[in-house]
There are 4 protein chains.
Amino acid sequence: MPHIVEMTEAEQEAAVERARSLAEEFDRVGAEHDRDNTFPYELSSLFKESGLAGLNVPKRFGGMGADIWTTARCVQELARGDAACALAFNMHIGVIGFFTGMWSEGDQKRFFPTVASDGDLFDGAYSEARAGVIGLADTLATPVDGGWKVNGKKTWGTLSLVADYHTFNVTITDPDGSVPDDPIERGAREVMMVCRSDADGVRIENTWDAMGMRATGTETVVFEDLFVPEGDLVATEFRGPLFANLEWQTLTFSSVYYGLARRAYEETKAAVIKKSSGPVQGAANVRAKDIGWVQRDLGNMRVLNETSAATIETTAKALIAGRDAEWGPVMRLGLLEVPKVVCTENALKVVDTGMRLLGGGSYRRGHILERLFRDARSGPFHPLTTDQTLEYVGMAELGLFDPPPAEA
Amino acid sequence: MPHIVEMTEAEQEAAVERARSLAEEFDRVGAEHDRDNTFPYELSSLFKESGLAGLNVPKRFGGMGADIWTTARCVQELARGDAACALAFNMHIGVIGFFTGMWSEGDQKRFFPTVASDGDLFDGAYSEARAGVIGLADTLATPVDGGWKVNGKKTWGTLSLVADYHTFNVTITDPDGSVPDDPIERGAREVMMVCRSDADGVRIENTWDAMGMRATGTETVVFEDLFVPEGDLVATEFRGPLFANLEWQTLTFSSVYYGLARRAYEETKAAVIKKSSGPVQGAANVRAKDIGWVQRDLGNMRVLNETSAATIETTAKALIAGRDAEWGPVMRLGLLEVPKVVCTENALKVVDTGMRLLGGGSYRRGHILERLFRDARSGPFHPLTTDQTLEYVGMAELGLFDPPPAEA
Amino acid sequence: MPHIVEMTEAEQEAAVERARSLAEEFDRVGAEHDRDNTFPYELSSLFKESGLAGLNVPKRFGGMGADIWTTARCVQELARGDAACALAFNMHIGVIGFFTGMWSEGDQKRFFPTVASDGDLFDGAYSEARAGVIGLADTLATPVDGGWKVNGKKTWGTLSLVADYHTFNVTITDPDGSVPDDPIERGAREVMMVCRSDADGVRIENTWDAMGMRATGTETVVFEDLFVPEGDLVATEFRGPLFANLEWQTLTFSSVYYGLARRAYEETKAAVIKKSSGPVQGAANVRAKDIGWVQRDLGNMRVLNETSAATIETTAKALIAGRDAEWGPVMRLGLLEVPKVVCTENALKVVDTGMRLLGGGSYRRGHILERLFRDARSGPFHPLTTDQTLEYVGMAELGLFDPPPAEA
Amino acid sequence: MPHIVEMTEAEQEAAVERARSLAEEFDRVGAEHDRDNTFPYELSSLFKESGLAGLNVPKRFGGMGADIWTTARCVQELARGDAACALAFNMHIGVIGFFTGMWSEGDQKRFFPTVASDGDLFDGAYSEARAGVIGLADTLATPVDGGWKVNGKKTWGTLSLVADYHTFNVTITDPDGSVPDDPIERGAREVMMVCRSDADGVRIENTWDAMGMRATGTETVVFEDLFVPEGDLVATEFRGPLFANLEWQTLTFSSVYYGLARRAYEETKAAVIKKSSGPVQGAANVRAKDIGWVQRDLGNMRVLNETSAATIETTAKALIAGRDAEWGPVMRLGLLEVPKVVCTENALKVVDTGMRLLGGGSYRRGHILERLFRDARSGPFHPLTTDQTLEYVGMAELGLFDPPPAEA
């Protein structure tokens with residue numbers, strides 16, 4: 001999908017400002033939901049009220065019409081408030097982006113207007129226990145009159161607790177419920193469907209309890225004989241089109257981790273400025289900011305963040321300028337992952353350095369660096385993981401994909 | 001203090017075997033106390049029963065008489081069971097080691113026999129909020145008839161919940177309660193005292209709630225008008241002698257993190273052997289162990305662990321052989337810290353790699369890698385922190401310590 | 001200086017194409033001059049003929065009028081041909097950039113037209129043996145009738161062998177030849193002068209023989225009683241204005257190392273594709289490109305290069321958009337250095353990985369990776385070095401510069 | 001082979017002292033041979049005179065009888081003098097070690113006495129252009145009356161210019177000169193032979209010209225219809241026994257790079273102590289040793305070296321204590337490589353840091369750090385390379401070797 005800029009510059013700045021303002025609310029509640037492992041339900045209405053549910057819904061459906069770069073900037077602001085809350089609501093923003101590239105104009109017309117007007121929230125439940133999003137869907141849709149019966153379990157269902165609609169990938173079976181053994185044939189059966197979250201046959205299992213990103217409500221979505229009518233099959237191909245629009249995941253996830261790392265930097269800098277030892281062996285006082293390696297390490301944190309920022313901006317602007325046309329479909333996916341790899345890995349380095357500069361106090365719960373460190377740690381796991389990305393890029397460059405992987 | 005080997009080889013192996021056996025109990029309860037942030041009180045009696053409370057108490061006082069290398073090996077085994085429980089009880093083992101070098105024969109005779117016979121437990125509360133163990137004690141002992149009145153707060157009081165005795169550093173004031181401004185003079189007033197944990201004027205504040213090492217009971221010890229009789233001043237100099245015997249901290253802490261990293265390696269290896277993807281795009285199955293970079297990364301984890309082990313063994317054996325006599329007092333401290341730096345930093349790399357190899361499942365609470373990762377993260381904070389050690393070694397080598405730092 | 005875009009898009013592409021074409025000549029001779037430690041004199045006329053001597057000379061003086069981003073792109077192309085040759089001629093391009101910001105309109109009018117028309121070449125001899133460019137100039141200009149007598153030695157004089165003009169920083173003495181002891185006062189005496197390279201009192205000492213970047217002609221420029229007339233003092237302040245225009249160094253140097261790293265990547269990729277073992281223990285053949293960690297490492301090389309590219313592009317475009325106005329003068333310098341740190345450090349990782357993937361053959365002279373590795377190694381030394389940059393950024397952020405460092 | 005300690009402690013120290021003394025000669029000539037890419041022929045007689053040619057020849061053959069740990073210590077001393085010269089003569093020491101485990105008592109009796117008495121020098125030409133030592137020998141021995149005709153080319157023939165005897169691996173052909181296609185069958189034909197270096201049909205091709213380690217004389221040994229009599233087949237199996245005795249390569253190579261890194265550290269430390277800036281912007285002088293990150297980085301260099309030392313010592317002493325019996329034949333090889341990986345990789349970090357601390361001057365030829373940096377760079381290429389080792393250890397641990405790799 002070509003990336004169109006619908007917003008004026010003033011509208012772009014206003015959107016970023018709106019995110020910055022909402023981020024204050026994220027900041028206010030993030031620590032508590034991390035501690036209690038609870039979802040920030042109270043943010044749901046604030047998010048809807050802010051209008052950001054329609055952030056990247058095209059203007060023709062009543063949305064704000066934000067382009068990918070403006071969207072990324074908004075997510076960065078939200079994450080500076082609280083990374084976990086931002087990652088939660090970013091799920092909606094990300095999948096809306098996917099849908100603009102994956103759904104027919106008709107389906108967009110059907111669902112997008114109430115996203116823009118009422119703040120209808122979507123999630124994207126595309127992972128399962130066996131092999132994450134990389135595994136072909138074990139959730140099955142068996143043909144029945146007028147649609148399908150769907151059964152299966154989706155893990156990593158971020159935002160599922162407050163989503164009005166779930167979207168999910170599913171494998172269409174033969175009438176007898178069987179699926180082809182051949183992975184190519186089986187992959188060709190994978191489609192995307194949508195359902196209301198309050199439909200019969202849908203429930204949430206509360207399975208989320210992780211090292212960090214605890215406020216994301218990343219629960220398990222369970223389908224038990226859910227009936228999906230024909231019209232709610234919203235993409236006849238799943239995997240190829242998803243990867244062909246992956247910028248909506250990679251650039252927004254990058255922005256979450258870059259926003260997190262900026263916050264970590266700001267907190268570290270403020271604390272270093274204040275930190276001093278008082279009387280120690282041989283000195284009446286040592287100010288942390290006078291120590292040469294503290295200065296250099298803090299400088300390195302900033303350089304890492306600037307580097308992260310550069311990868312997001314360059315990639316977003318290349319997309320808007322249409323330069324991705326030259327990348328080819330295989331390497332396009334690889335290049336879209338570059339900012340995610342850089343931003344998530346740099347965030348790990350930033351929080352690591354921050355904790356070292358602040359010392360043992362930052363290891364205690366309640367210290368913001370302790371939380372940011374745990375949140376940052378989820379970065380390398382979002383598929384394509386760092387390792388998968390590097391391997392993918394290498395294999396692509398070595399000519400080992402033929403035909404390209406993003407084509408079913 | 002010269003390091004004497006009192007044990008026969010068979011006794012050494014028996015001690016290690018005893019630790020290995022107790023480690024099974026550590027393993028059984030570690031996860032639960034991590035989750036609940038509780039101290040493993042039930043291990044206290046098991047530890048006493050095992051006889052390991054007297055592990056490194058010299059034989060002449062009824063102890064097992066373990067040398068520093070055997071002690072380190074025992075701690076490694078305990079940490080393979082559970083790192084946090086091991087770090088807790090290692091506090092006792094570590095300070096007993098300190099006392100063999102810092103206390104008079106008379107004081108050893110007074111306290112050690114019941115350590116060996118009854119499992120009396122000691123802790124060492126040598127840190128305060130202001131600047132950790134690096135700060136000169138703000139806890140003050142004001143001279144009174146027959147002794148001192150002590151007031152102050154000790155943070156990072158590992159094992160304090162079950163210690164029978166607290167030992168602590170304290171600054172002796174002028175009769176009017178004042179302390180010298182000059183840091184040299186003030187440092188000269190720092191001594192070590194001991195008190196029963198059930199003495200009047202001693203209480204524990206429950207402040208421990210950290211990212212990891214949650215089962216260590218690292219609470220705050222509060223002294224409020226505690227009377228300490230003259231005889232319970234057990235070291236007239238604190239800082240110099242402590243650093244001159246620091247192997248009992250550095251080599252046992254190294255062993256905790258090396259033991260932790262071995263466990264992480266074993267768990268990762270076992271999981272990689274089992275891990276396979278099932279049907280994915282373009283393949284019916286991918287076994288993790290067939291992936292080239294998985295093999296290499298797992299190999300690297302093992303190499304890191306072997307490297308850690310080598311630093312502990314070489315240093316311990318150098319001490320036993322008396323080769324530290326050639327190091328000089330300043331660099332001796334630096335070289336003692338080498339294993340701690342290597343083992344704690346390598347442990348971080350090992351758990352990081354392990355989680356990457358195992359994927360997002362290891363980010364969930366309840367997965368042992370998730371816990372080991374958080375536990376490992378405390379490694380760089382134990383003073384001398386990694387950064388402080390490197391700086392110290394560099395300054396020592398550049399001739400910037402004159403007179404040497406370990407001399408008051 | 002605001003960054004103005006004078007070129008049309010077609011002119012920008014034409015300039016890049018011209019650099020790409022000249023790069024083929026660089027490629028043809030680079031290996032030989034590296035081996036012989038000789039300057040590529042033959043490239044001098046080719047460079048002049050190509051018109052690239054006037055690349056970033058403003059159009060009003062007859063130049064091509066390239067903006068900083070187009071300039072950086074051209075340098076990248078040159079460096080893909082040969083990094084050392086590119087670094088040599090980049091000296092001219094870089095100082096022309098400096099002069100557009102540091103020189104009066106009159107001086108530009110005096111010198112720039114023949115740069116554009118005849119390819120007059122400039123260098124910038126701003127370093128001395130004592131402390132590089134960081135040291136205040138020990139080269140002295142003593143007032144005499146109508147000008148100054150200049151004496152001193154400039155090291156690291158890249159391109160000096162073919163420069164038509166040398167520019168240099170110099171400290172103006174009292175009439176008796178003395179300089180103030182106070183570093184602030186002394187710094188205020190530092191100015192920039194220009195001289196013809198064939199003037200009396202100027203000679204080159206052949207001192208250049210380094211690990212890499214051997215074709216750069218980085219010789220020593222010696223001034224012995226050189227008379228500089230008043231009009232050839234081209235900047236009454238040296239250091240502040242130089243740092244205020246440092247993008248012409250940092251972004252072009254970044255481009256040299258990014259271009260180098262791209263070349264290293266391309267060569268590595270091509271060689272990996274071809275590499276296979278033939279019969280080894282237990283296998284008839286192993287193709288390098290089928291090994292998982294080879295794929296991942298090659299992918300990482302590409303990701304590193306993309307990251308480098310992003311930092312240059314983002315910074316250059318921020319300058320053109322005038323966003324540096326928000327950075328403040330102190331942090332502006334720090335942010336300008338970010339691409340240089342990232343590109344030079346990433347280049348080191350790229351050549352290191354490349355050599356590991358290709359094996360011992362790449363350690364032999366004559367293998368292009370061997371040369372690129374040595375060339376890359378100069379990256380961290382260009383002032384501000386990597387360490388100096390990180391320290392500078394940290395100190396700036398901690399508020400330790402007051403007044404800002406770039407103001408005399 | 002069990003490792004026997006034949007030397008008294010005094011003899012061990014005397015051997016180390018002899019190496020230290022010879023190292024002064026290495027130091028005297030190393031720079032010049034690096035510059036000129038010449039072999040240090042003059043060291044050959046000094047090495048023979050020193051008696052170190054017989055260093056690890058068993059006492060029963062007249063040798064000094066050095067164990068593996070004493071041998072490693074001697075090599076460390078030689079490398080502190082000059083790494084390239086040490087690597088050259090270490091080839092002889094290493095293969096003598098191999099032969100003690102690979103050759104029959106009869107063959108040892110035949111060749112070792114003159115090694116001890118006259119300093120006969122051996123090399124081991126076990127690599128070829130196709131795939132290094134990993135590739136099955138393409139050098140072929142065709143059966144003829146009373147022996148074989150040998151034809152082939154051995155690359156990486158360190159020390160070959162002065163060796164009195166070459167040893168080499170070779171594949172025995174069918175009488176018609178053909179070899180089996182099956183790699184297992186072909187591998188079973190690989191044997192070790194020995195020949196005098198002045199035999200008909202042996203010559204050296206001067207091919208050595210590399211980034212570093214230039215004084216090693218690592219030329220190509222060419223066999224053209226060389227007749228090898230039956231008795232000079234000294235090992236009927238090559239690969240398995242070689243790997244089963246690999247400690248003689250891994251621990252001595254480790255020692256070369258550790259010795260190199262110690263020298264780099266000593267030179268850096270001495271230079272940092274002296275380095276100061278003189279007048280710079282805003283300061284009359286800055287001493288390098290007062291900069292916090294310089295102190296920390298220098299400290300890190302020392303810690304890296306101590307870590308390297310620990311891996312050599314621990315492994316050597318484990319071998320002497322016979323603890324390798326518990327390792328199993330597959331992992332034994334992996335564990336033997338640990339010191340080589342650690343020491344070579346740490347050496348790279350040490351020389352990198354050293355150059356950064358010393359600045360651009362260390363990039364110039366003639367500066368010892370420049371040479372040590374290039375020499376260190378060969379470390380990762382010695383087979384098993386770092387990457388091969390990590391992969392090997394991982395595969396071994398994952399149970400992927402069955403039967404073990406070191407068994408034909």
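Hydrogens, waters and symmetry mates play no part in the numbers below; they use all other heavy atoms, side chains included. The sequence lines fix the lettering, A, B, ..., with proteins before strands; numbering per chain opens at 1.
Evaluated for a side-chain contact (heavy atoms from CB on, under 4.5 Å) with D:Gln76, the options D:Ile312, D:Val256, D:Val16 yield exactly one hit, D:Ile312.
With respect to chain B, the highest number of heavy-atom pairs below 4.5 Å among D:Leu398, D:Leu298, D:Val341 belongs to D:Leu398. Contact tally against chain B (heavy-atom pairs below 4.5 Å) for D:Lys269, D:Glu397, D:Met301, D:Gln388: the top residue is D:Glu397.
Contacts between D:Asp297 and chain B at a heavy-atom distance below 4.5 Å are absent for every atom of the residue. Contact of B:Leu304 with chain D is not made at all, since no heavy-atom distance falls under 4.5 Å.
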Take D:Val303 and B:Glu337 through the test side-chain contact (heavy atoms from CB on, under 4.5 Å) and record every step on the way to the result. CA-CA 9 Å; D:Val303 169; B:Glu337 292 283 359; over 6 Å; no
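The aromatic rings of B:Phe253 and B:His382 stand perpendicular to each other, their planes meeting at an angle above 60°, with 30° marking the opposite boundary.
B:Lys340 contributes no side-chain N or O that, together with a main-chain N or O of B:Gln249, makes up a donor-acceptor pair within less than 3.5 Å.
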